[in-house]
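A short worksheet on the structure shown next.
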Amino acid sequence: MKSTVMKKTMYFFAVPALLFYLTFWIFPITKLFQYSVTDYNGFAQTFNYIGFDNYRALFNGGTLGNSISNTLVYTVVSVVAGNLIGLALALLLNMKIRGKGFYRSISYIPTLFSAIVVGFIWSYVYMPDSGMIATFLDKLGIPNDNLNFLGSYSSALYSIIFVEIWKNVGTTMIIFLAGLQTVPNDLLEAGRIDGCGGWKLLRYVKLPLLATSITINTTLSLINGLKAFDFPFIMTNGGPGTSTNTLIYSIYKMAFTEQMFGKASALGIISFILIIAVTAVSVLLMNRKEVSA
């Protein structure tokens with residue numbers, strides 16, 4: 001009887017967390033749905049319900065398509081390149097080399113800095129005239145008159161993606177490195193005895209055993225890419241033009257710069273559905289590969 005009472009009272013410990021979840025997650029999402037069908041500007045206490053006009057305006061205009069395109073490019077490049085570089089670093093730093101603890105620490109250091117610090121540092125690095133890259137090329141005698149990474153429509157997005165990868169590759173590397181520590185040496189030795197070279201050991205032994213690490217890193221990179229906001233905001237303010245407008249940055253700009261809170265809410269709902277759908281499909285596919293591996 002006593003144990004039954006104790007089990008029931010344990011549910012009361014979940015109440016604070018439930019209240020926190022309802023207040024800061026469910027309630028805002030519900031209000032977002034409400035605002036998405038209004039002309040609310042974020043300031044006036046009165047607003048009109050306009051149905052799905054905000055959604056129609058988004059689909060008929062160019063903002064949604066441009067934002068989705070930039071976000072998908074940002075996500076795909078950061079996921080693929082970030083994971084390949086992280087895996088390469090993990091494989092390299094898992095070898096028996098002198099000072100590998102030092103190199104592991106150096107590789108992880110960028111992760112410790114905030115996005116604001118990293119954004120400002122790389123904004124200086126990318127400066128056309130007096131930035132680090134321009135100065136280095138000038139010392140080598142290489143012309144850099146047309147060098148403008150963040151000011152060029154074609155290179156701005158990829159320059160920001162590189163910064164995203166640089167900042168997060170340490171986390172990716174650590175997760176892969178942890179996975180490599182679990183690969184049995186006996187299995188690797190058996191593969192070498194059977195005549196497997198380095199590539200075959202990687203492909204047929206190490207990668208299948210890294211399936212969980214690959215799933216974790218891919219999911220984290222996917223989420224970071226789909227909700228990209230920090231670096232487009234800090235480094236380019238969405239420019240030049242709309243070349244670095246991501247979904248989250250477009251929501252911010254629409255709501256707090258253009259005072260179209262209702263339309264921004266509609267874009268937020270679309271972004272929410274897109275991010276959930278892409279992440280869910282990716283996780284399901286990765287889990288299936290884990291099981292088959």
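Numbering starts at 1 and runs along the sequence shown.
- Interatomic distance, R104 CZ to I174 CD1, rounded to the nearest 0.5 Å: 7.5 Å.
- In this structure, NZ in K253 is found 12.5 Å from CG in L267, a value given to the nearest 0.5 Å.
- The OH atom of Y158 sits 12.5 Å away from the OG1 atom of T244 when rounded to the nearest 0.5 Å.
- Atom CD1 of I116 has 12 or fewer heavy atoms from other residues, nucleotides or ligands within 6.0 Å.
- Aromatic ring centres of W166 and F162 lie farther apart than the 6.0 Å criterion allows.
- No more than 12 heavy atoms of other residues, nucleotides or ligands sit less than 6.0 Å from atom NZ of K200.
- Environment of CG in N146: sparse, with no more than 12 heavy atoms of neighbouring residues, nucleotides or ligands closer than 6.0 Å.
- Going from atom CZ of F113 over to atom CD1 of I121 covers 6.0 Å, rounded to the nearest 0.5 Å.
- Under the 3.5 Å distance criterion, with hydrogens and angles disregarded, no donor-acceptor pair is assigned to the side chains of N245 and N70.
- With T172 as the fixed residue, the side-chain contact (heavy atoms from CB on, under 4.5 Å) test singles out one of N83, L87, L84: N83.
- Separating the CD1 atom in I251 from the OG atom in S265 is a distance of 9.0 Å, to the nearest 0.5 Å.
- Neither I216 nor L226 shares a network with the other; the hydrophobic side chains, linked directly or stepwise wherever heavy atoms of I, L, V, M, F, W or Y lie under 4.5 Å apart, form separate groups for each.
- Checked by atom type and distance alone, the side chain of T242 never pairs as donor or acceptor with a backbone atom of G238 at under 3.5 Å.
- There is no side-chain donor-acceptor pair under 3.5 Å between T246 and Y74.
- N168 and E164 are linked by a side-chain donor-acceptor pair at a separation below 3.5 angstrom, with hydrogens and angles left out of the test.
- Under a cut-off of 6.0 angstrom, the local environment of CZ in F27 is sparse, with at most 12 non-hydrogen atoms contributed by other residues, nucleotides or ligands.
- When the ring pair (Phe, Tyr, Trp, His ring centres under 6.0 Å) test is applied to F47, the partners found at least two apart in sequence or on another chain are Y35, Y40, Y49.
- Taking the six-membered ring for Trp, F24 and F20 have ring centres closer than 6.0 Å.
- Under the 4.5 Å side-chain contact rule for hydrophobic residues, Y126 and V117 share a cluster.
- When atom types are taken as modelled, the side chain of T111 and the backbone of K167 share a donor-acceptor pair closer than 3.5 angstrom.
- A donor-acceptor contact closer than 3.5 angstrom links the side chains of S250 and S67.
- The shortest heavy-atom contact between S123 and G119 is OG-O, 2.7 Å.
- In this structure, the separation between CE on M235 and CH2 on W122 is 8.0 Å, given to the nearest 0.5 Å.
- What you find for T218 and I214 is that their closest heavy atoms are OG1-O, 2.7 Å.
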